[in-house]
Structures are given as structure tokens and as C-alpha cells.
Amino acid sequence: RKRCIRISTGSKQLDVALNGGFQTMSVNEVYGEFRCGKTQMAHTMAVICQLPREMGGAEGKVAWIDTEGTFRPERIAEIAERFGVDGQQAQDNIMVARAYNSEIQCEMLETLAQNFATNQYRLLIIDSLISLFKTDYVGRGELQERQSTISLFMRRAAQMADEFNLVVFITNQVMSDPGASALFAGVDGRKPAGGHAVAHASTTRLLLRKGRGEERVAKIIDSPDCPEREATYIITTGGIND
Ligand code: ADP
Ligand code: MG
């Protein structure tokens with residue numbers, strides 16, 4: 001039987017809040033405004049995933065679906081340096097696939113399944129989940145089809161998390177439609193995009209926001225085994241830290 005592994009976020013405080021980090025065999029979603037650190041957290045996780053277990057890693061490779069062109073190999077090298085691992089090797093262990101439309105984004109999961117079958121991978125990053133769906137499905141008339149396609153994508157990702165013992169790490173935006181935000185106003189008035197299609201498939205959801213000065217705050221919104229609580233973190237050259 002596969003054993004669930006936890007991967008550190010790079011912040012001790014946030015790891016504690018998450019009972020040790022993000023779990024394999026689950027879908028983990030971070031959502032928040034621009035520049036709150038979603039992509040930086042993805043870069044940090046991509047390095048930590050490769051580390052030994054005693055360093056918070058999972059000794060595994062990483063697959064990264066990049067929908068916004070924001071993956072930066074230089075950042076991987078900088079974060080690798082913090083943890084004393086070779087920058088080039090850290091980059092080589094991350095398979096990056098750039099998706100330019102939502103159809104390709106969906107197909108990529110199937111392509112990646114073949115890589116995951118090697119049992120060398122422990123992390124699948126999707127940064128970000130919704131952006132291509134937003135540009136490919138416009139207007140009210142396409143909303144239903146958009147939602148059902150997102151739903152299928154999320155279900156497949158969740159299934160792969162289980163089957164291949166992966167942390168699925170998804171970044172998401174906050175809802176941009178002010179009318180809808182007002183209607184669903186929840187935690188701090190900020191709601192993740194994607195509605196039920198995303199909510200149903202996410203195991204753990206984290207709301208990220210800017211705090212005082214350089215500080216950022218992560219709030220656990222939805223988790224099967226953690227209470228709702230907050231942790232602060234900062235973004236450094238070496239990635240997410242305390
Ligand atoms: P999001 O994906 O949520 O829009 P990002 O993960 O791109 O946000 O985070 C952007 C923030 O990360 C910016 O505030 C930027 O200053 C900070 N950042 C990026 N690179 C570094 C670095 N090398 N050192 C410190 N902070 C950085
Ligand atoms: Mg980003």
C-alpha cells in the first residue's frame with residue numbers, strides 16, 4: 001500500500017498549521033490576489049519535493065503545467081542554493097510543460113500519466129488552474145461548458161494524486177466578477193474562482209494575502225484534518241520562508 005508523504009512549504013509556521021505540509025494523495029489549492037506568492041510557493045515546493053524526507057521533501061521529481069509563462073529556472077537555482085543542492089540538477093528534476101490553451105492543458109494530464117507511472121514523481125503543479133479557461137470560454141453562454149470541463153480536469157487531477165501518490169498543487173485566482181463576489185462574499189470577501197467545479201475537488205484550500213510590510217498571511221480555509229488557522233510567511237531569494 002502507498003504511504004502518504006508530506007512536503008514542506010518552506011515556512012515552518014505554515015508547515016505547523018498544515019500538520020507538516022501538503023499531503024500526497026490530495027489536491028491542494030492556494031488562491032489569492034496577484035503577487036501574494038502563489039507562484040513563488042510553487043517554485044519553493046518544486047525544490048523541496050526533491051529533498052530527503054528529513055528535510056521535508058519526498059525524494060521525488062516534479063511536473064509543472066505552466067499556463068501563464070511564469071516558471072523561472074533561475075528561481076529554482078536560487079532556491080536550490082538555500083537547501084544546498086545543485087541548481088542544474090534541481091532544474092533537471094522538474095518537467096515543465098507550457099500550456100497555451102485549455103484543451104492542451106487538459107490533454108497534458110494524460111501525457112503526464114505516463115511519466116507518473118515510473119513512480120519517480122511526487123508533485124504536480126498547475127499554475128494557474130483557471131486562466132486559460134477564462135480566455136477560451138467567454139460569455140454567459142459558455143459558462144456551463146467551461147464549468148463542466150474544469151470539473152473533469154479537477155476530477156482527473158484528484159484521481160492521479162491518489163493513483164500516483166502525488167501532491168497536486170493548484171494555484172487559483174480570486175473571483176473577479178464583483179457582482180458574484182458580493183453574492184458569495186465569504187472569508188474576507190475573497191472567494192476562489194471556479195465555483196463548485198474547483199471546490200468539490202480541492203482537499204485543502206489556502207487563502208493567501210498580503211500582510212504588514214513584506215509579510216504574507218496564509219489562512220487554511222478548508223482541510224480534512226486541520227482547523228481554520230493562519231500562518232505568516234515571507235518571500236525571499238531562497239523562496240518561501242518564515
Ligand atoms: P502570484 O503568483 O501570487 O501572483 P508571485 O508568486 O509571483 O505572486 O509573487 C510575487 C512576489 O514575489 C512579489 O511581491 C515579488 O516581490 C516576490 N519575489 C519574487 N522573486 C523574489 C525574490 N527573488 N526575492 C524576494 N521576493 C521575490
Ligand atoms: Mg503567479
Side-chain angles (χ1 to χ4, degrees), residues 7-15 17-18 21-22 27-49 62-85 87 90-91 94 96-102 105 108 123-135 150 157 167-176 181 187-194 198 202 204-221 230-242:
I7 301 177
S8 163
T9 62
S11 154
K12 292 209 168 65
Q13 253 203 77
L14 182 52
D15 286 351
L18 288 165
F22 291 112
V27 177
N28 303 272
E29 176 193 352
V30 297
Y31 67 98
E33 311 279 352
F34 289 114
R35 300 176 67 80
C36 62
K38 301 181 293 293
T39 298
Q40 293 303 317
M41 194 176 284
H43 281 83
T44 310
M45 300 276 302
V47 173
I48 295 178
C49 174
V62 180
W64 185 310
I65 297 178
D66 181 10
T67 71
E68 295 178 337
T70 49
F71 174 78
R72 293 287 177 277
E74 318 85 75
R75 291 293 293 131
I76 296 300
E78 286 173 340
I79 297 165
E81 197 177 316
R82 166 182 166 196
F83 293 102
V85 295
Q91 288 172 35
I94 305 170
V96 183
R98 174 80 164 95
Y100 290 95
N101 65 58
S102 60
Q105 180 180 334
M108 271 175 185
L123 174 61
L124 167 61
I125 290 164
I126 300 147
D127 183 28
S128 74
L129 172 69
I130 299 275
S131 50
L132 295 174
F133 287 94
K134 272 194 174 166
T135 47
I150 292 173
V167 168
V168 172
F169 181 88
I170 281 168
T171 69
N172 195 6
Q173 301 157 359
V174 282
M175 204 136 54
S176 51
S181 305
V187 184
D188 304 324
R190 279 167 288 214
K191 273 278 178 184
V198 181
S202 287
T204 296
R205 316 187 92 180
L206 240 59
L207 168 60
L208 307 185
R209 64 176 159 85
K210 286 186 175 163
R212 255 180 260 135
E214 286 306 293
E215 217 173 74
R216 301 283 197 278
V217 184
K219 182 170 189 169
I220 299 170
I221 299 299
E230 288 190 344
T232 59
Y233 63 93
I234 54 168
I235 306 168
T236 70
T237 307
I240 300 295
N241 211 328
D242 287 286

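Start at 1 and go down the list; that is how both ligands and their atoms are numbered.
The nearest protein atom to atom 14 (O) of ligand 1, hydrogens excluded, is given as R216 NH2, 3.0 Å; this is a heavy-atom distance. Here the protein heavy atom with the shortest distance to atom 7 (O) of ligand 1 is T39 CB, 3.9 Å. In terms of protein heavy-atom proximity, atom 19 (C) of ligand 1 is nearest to Q40 NE2, 3.5 Å. Residue, atom and distance of the protein heavy atom nearest to atom 16 (O) of ligand 1 are R35 NH2, 4.0 Å. The protein atom (non-hydrogen) at minimum distance from atom 17 (C) of ligand 1 is I235 CG2, 3.9 Å.
No heavy atom of E68 sits closer than 4.0 Å to any atom of ligand 1. Ligand 1 is never approached by H43 to a heavy-atom distance shorter than 4.0 Å. By the 4.0 Å heavy-atom criterion, G37 is counted among the residues contacting ligand 1.
Side-chain contact check for V47 versus F83: some heavy-atom pair is nearer than 4.5 Å. Counting only heavy atoms from C-beta outward, the side chains of Y31 and I130 never approach each other to under 4.5 Å. With a 4.5 Å cut-off on side-chain heavy atoms, T171 and L129 do not count as touching. Residues H43 and I76 meet the side-chain proximity criterion, which asks for heavy atoms closer than 4.5 Å. The shortest side-chain heavy-atom distance between R216 and K210 falls under the 4.5 Å cut-off. In this structure the side chain of F71 never reaches within 4.5 angstrom of the side chain of D127, judged on heavy atoms.
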For the pair Q105 and I126, evaluate side chain to side chain contact (heavy atoms under 4.5 Å, CB included) and give the outcome as yes or no after the intermediate values.
CA-CA 9 Å; Q105 180 180 334; I126 300 147; 4.0 Å; yes
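Residue contacts with ligand 1 for E214 are absent, since no atom lies close enough (heavy atoms, distance under 4.0 Å). Contact annotation: for M41 versus ligand 1, there are no heavy atoms closer than 4.0 Å. At a heavy-atom distance under 4.0 Å, only backbone atoms of T236 (N, CA, C or O) approach ligand 1.
A donor-acceptor pair shorter than 3.5 Å can be found between the side chains of S128 and E68.
Ligand 1 places these atoms under 4.0 Å from at least one heavy atom of F34: 4 (O).
Among the backbone and side-chain atoms of T39, an N, O or S atom lies under 2.8 Å from the Mg ion (ligand 2).
Considering CE of M108 and CZ of R98, their distance stands at 9.0 Å, rounded to 0.5 Å.
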